[in-house]
There are 2 protein chains.
Amino acid sequence: MAKIKNKHNATKKEVIVEAATRLFRERGFKAASMRDLAEAVGVEAASLYNHIQSKEEILQEICFKVANAFNEQCDKVEASELSSIGKIESMLRFHIRMMFDHFDMVMVADRDWKHLSDPFLSNYHEQRRAYRKRLAGIIERGIDNGEVKDVDAPTIVLIMLHAVNGIESWHRSKEKIGARQLEENMVLILIDGLRS
Amino acid sequence: MAKIKNKHNATKKEVIVEAATRLFRERGFKAASMRDLAEAVGVEAASLYNHIQSKEEILQEICFKVANAFNEQCDKVEASELSSIGKIESMLRFHIRMMFDHFDMVMVADRDWKHLSDPFLSNYHEQRRAYRKRLAGIIERGIDNGEVKDVDAPTIVLIMLHAVNGIESWHRSKEKIGARQLEENMVLILIDGLRS
DNA sequence: CCTACCGATCGGTAGG
DNA sequence: CCTACCGATCGGTAGG
């Protein structure tokens, strides 16, 4: 019965979600069909529904997995003894590495979360808002203690979070510059511009 | 016969494309249906096809209108007498203002251009690549003449182009900060970090 | 896990 | 510009 390929101890559901993540990233959530997904996994479309409840459930798994990863890292960094600049740099580096290590997941969550339906849509929307507020808070503390240039904190958050998406173009074009070097360049440009 | 609302001397096709631009931005190109569009315009779905040839033709108009705007501005700036930093700042400001003044258009082109089919897909892809190379060229000249910090030029382009997309979140949340002030903050953070 | 199938909706056309 | 409609495809279910 176990026709779904089952490498590295993954459950069938995990295999489906993994394949879907890649498919959603490549074609977009709406344009990727369950029949495409079934083919990628190696079963008939109807068989997918023995492991998942709906197409949207897959999107939910992807979006909240990403949201949880960022929230947990933010917990750690806020509890750390790093300076304000150090905390910001640490979060920036985490975002960059998430783009490298979990590219498909991060891109799908960022681009397709609007296709969630309530209550997941509101929940995700609110988490996103709260997360940005936390990051702005870290920056504001840096401004208060003189580490960071006095600029609008929410604007810095906007710039940082979106700048990291540039890695998509890099990922796609396979430029000559290496991942490690790209990370250092991004940190250099974005963090150095913040110092007061 | 002219049932399509025709404010400010727009042709029917222009009215359709304008409504479609908003709809595509709100729901995504794939998720927005021609029946939705027909309703927004105030006609039956079949009637749209007297003015346009296909759903994709609308997407083509949107994408290449945006691409042309950026290319033309780049022509002007490259031909100007501005310093290298001045040229980069000028292009950055143009991107920011395009986000403010033509938000739907810019977002759709950026998010949905992959749904074009060949030869438009390859054409757009190539224009995008060439445009980024031109921007990187401006920055590289700035590095050569000592105006700009010595960092990887393509990385700076990636950061600048994507950072500007942060205006989407601002647009959506209607934060307290004004458009003009957001522009100055972005320029301050992104351009000041470049100076050598 | 598959065969067989459903109702809904899609982009688009014929003909007036 | 509309009515009427097409074939294709969608997400998902029944039943085994």
Side-chain angles (χ1 to χ4, degrees), chain A residues 1-7 10-24 26-63 108 112-118 120-121, chain B residues 1-7 10-24 26-63 108 112-118 120-121:
Chain A
M1 54 167 69
K3 294 279 178 58
I4 291 184
K5 53 186 164 181
N6 205 328
K7 49 182 174 180
T11 67
K12 291 165 199 169
K13 181 170 179 177
E14 286 165 349
V15 172
I16 291 171
V17 171
E18 197 176 336
T21 304
R22 180 177 193 92
L23 211 65
F24 291 173
E26 287 170 350
R27 310 190 191 178
F29 175 72
K30 275 285 176 183
S33 77
M34 294 305 276
R35 281 156 179 88
D36 293 333
L37 176 56
E39 193 182 8
V41 161
V43 296
E44 292 302 314
S47 305
L48 295 171
Y49 291 89
N50 290 307
H51 305 287
I52 55 155
Q53 295 197 0
S54 66
K55 189 187 184 187
E56 198 194 304
E57 192 205 2
I58 303 176
L59 185 60
Q60 291 159 15
E61 297 240 348
I62 295 168
C63 289
V108 169
D112 289 330
W113 66 272
K114 282 164 208 162
H115 291 114
L116 291 170
S117 61
D118 273 323
F120 303 99
L121 180 63
Chain B
M1 52 167 72
K3 294 279 179 55
I4 291 184
K5 53 188 165 180
N6 205 330
K7 48 183 174 180
T11 67
K12 290 165 198 168
K13 181 170 178 178
E14 284 166 351
V15 172
I16 291 171
V17 171
E18 196 176 336
T21 303
R22 182 179 192 91
L23 210 65
F24 291 173
E26 286 170 351
R27 310 190 191 178
F29 175 73
K30 275 285 176 184
S33 77
M34 294 306 275
R35 283 157 178 87
D36 294 334
L37 176 56
E39 194 183 9
V41 161
V43 295
E44 291 301 314
S47 305
L48 295 171
Y49 291 88
N50 290 308
H51 306 287
I52 56 152
Q53 295 197 0
S54 66
K55 188 187 185 186
E56 198 195 305
E57 191 206 1
I58 303 176
L59 184 60
Q60 291 160 16
E61 297 240 349
I62 295 168
C63 290
V108 169
D112 289 330
W113 66 271
K114 281 163 208 162
H115 292 113
L116 292 169
S117 61
D118 273 324
F120 303 98
L121 180 62

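Reminder, nothing fancy here: chain letters follow the sequence lines and each chain counts from 1.
- Residues A:Leu121 and A:Trp113 form a side-chain contact, since some pair of their non-hydrogen atoms from C-beta on lies under 4.5 Å apart.
- The side chain of B:Val43 lies closest to D:dC2 when the candidates are D:dC2, D:dG12, C:dC2.
- Here B:Ala32 lies in heavy-atom contact (under 4.0 Å) with sugar-phosphate atoms only.
- Separation of atoms CD (B:Glu18) and CD1 (B:Ile58) is listed at 12.5 Å; rounding is to 0.5 Å.
- A donor-acceptor pair under 3.5 Å is absent between the side-chain atoms of A:Ser47 and the main chain of A:Val43, judged by distance alone.
- Under the side-chain contact (heavy atoms from CB on, under 4.5 Å) criterion, A:Gln60 pairs with A:Glu56, A:Glu57, A:Phe64, A:Leu116, A:Phe120, not counting sequence neighbours.
- To the nearest angstrom, P of D:dG12 lies 10 Å from CG of A:Leu48.
- Between B:Asp36 atom CG and C:dG11 atom P there is a gap of 8 Å when expressed in whole angstrom units.
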field: Secondary-structure notation, DNA chain D, from Watson-Crick and G-U pairs under 3.5 angstrom (| other strand)
entry: ||||||||||||||||

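- The residue among A:Glu56 and B:Arg35 whose nearest nucleotide of DNA chain D is located toward the 5' end is B:Arg35.
- Going from atom CG of A:Leu37 over to atom C1' of C:dC1 covers 15 Å, rounded to whole Å.
- By the 4.0 Å N-to-carboxylate-O rule, A:Glu39 lies too far from A:Arg35 to be salt-bridged with it.
- Following rounding to the nearest Å, A:Tyr49 (OH) and C:dC1 (P) show an atom-to-atom distance of 15 Å.
- Between A:Arg27 atom CZ and D:dG11 atom P the separation is 12 Å, expressed in whole Å.
- If you check every strand for non-hydrogen atoms under 4.0 Å, B:Ser47 touches a base.
- The side chain of B:Ala46 lies closest to C:dA14 when the candidates are C:dA14, D:dG12, C:dT3.
- At least one side-chain heavy atom of B:Lys55 sits less than 4.5 Å from a side-chain heavy atom of B:Phe24.
- Comparing B:Ala45 and A:Ala31 against DNA chain D, the residue whose closest nucleotide sits nearer the 5' end is B:Ala45.
- Taking for each of B:Asn50 and B:Lys55 the nucleotide of DNA chain C with the nearest heavy atom, the 5'-most of the two is the partner of B:Lys55.
- Going from atom CD of B:Glu57 over to atom P of C:dG12 covers 10 Å, rounded to whole Å.
- With rounding to whole Å, A:Met34 atom CE is found 19 Å from C:dC10 atom P.
- Computed from coordinates, the B:His51 NE2 to C:dG11 P distance equals 18 Å when rounded to whole Å.
- Residues A:Lys30 and B:Phe29 fail the side-chain proximity criterion, which asks for heavy atoms closer than 4.5 Å.
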